[in-house]
Amino acid sequence: MKKLLLLCLAATGGIVLPGCETTGDPNSGGIFWSESKAKQRIYARQQHLNDVESDTSRVNRRNRRLENRLDR
């Protein structure tokens with residue numbers, strides 16, 4: 001009986017676990033968290049931050065130029 005139960009559990013685990021997707025977000029990943037996906041997620045977020053900071057700098061430079069024109 002124990003062998004049958006263990007066999008059923010092993011079979012179920014072999015079917016269910018491969019279908020579980022890993023995540024790079026440790027808050028939602030639980031036991032299926034992936035370090036490589038987390039690094040990809042951090043890289044993508046850093047790239048987005050760099051883009052936003054670049055856009056902010058561009059807008060600030062434009063605003064300074066326009067303010068200088070108004071001061072003349």
Side-chain angles (χ1 to χ4, degrees):
M1 186 67 158
K2 283 185 179 182
K3 287 184 181 181
L4 180 60
L5 178 62
L6 289 175
L7 181 62
C8 288
L9 288 174
T12 304
I15 294 169
V16 174
L17 290 179
C20 295
E21 184 177 342
T22 58
T23 177
D25 185 354
N27 294 320
S28 65
I31 62 171
F32 301 108
W33 180 79
S34 165
E35 184 177 356
S36 63
K37 286 186 180 182
K39 287 180 180 180
Q40 291 172 351
R41 182 174 171 261
I42 290 169
Y43 177 79
R45 292 176 67 136
Q46 184 63 51
Q47 288 300 111
H48 179 70
L49 176 62
N50 292 345
D51 292 344
V52 169
E53 287 176 340
S54 177
D55 290 345
T56 301
S57 294
R58 183 181 49 78
V59 168
N60 285 338
R61 284 192 306 272
R62 180 176 180 267
N63 286 343
R64 282 194 298 274
R65 282 195 308 271
L66 292 173
E67 286 174 353
N68 286 338
R69 284 186 187 174
L70 286 174
D71 289 343
R72 290 183 195 168

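What you see below is based on every heavy atom in this structure, not just the backbone, and it leaves out hydrogens, waters and symmetry mates.
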Residue set satisfying side chain to side chain donor-acceptor pair (under 3.5 Å) with Lys39, at least two apart, ordered chain then number -> none
The side chain to side chain donor-acceptor pair (under 3.5 Å) partners of Ser36 (sequence neighbours excluded) come to Ser34
Taken in chain and number order and not counting sequence neighbours, the residues that satisfy side chain to side chain contact (heavy atoms under 4.5 Å, CB included) with Thr56 are Val52, Asn60
Sorted by chain and number, sequence neighbours left out, side chain to side chain contact (heavy atoms under 4.5 Å, CB included) with Leu66 holds for Arg62, Arg69
Contacts of Asn63 meeting side chain to side chain donor-acceptor pair (under 3.5 Å) (sequence neighbours excluded), chain-then-number -> none
With sequence neighbours left out, the residues meeting salt bridge (charged side-chain N to carboxylate O under 4.0 Å, His left out) with Glu53 are none
Taken in chain and number order and not counting sequence neighbours, the residues that satisfy side chain to side chain donor-acceptor pair (under 3.5 Å) with Gln47 are none
In this structure, CD1 of Ile42 is separated from CD of Gln46 (nearest 0.5 Å) by 9.5 Å
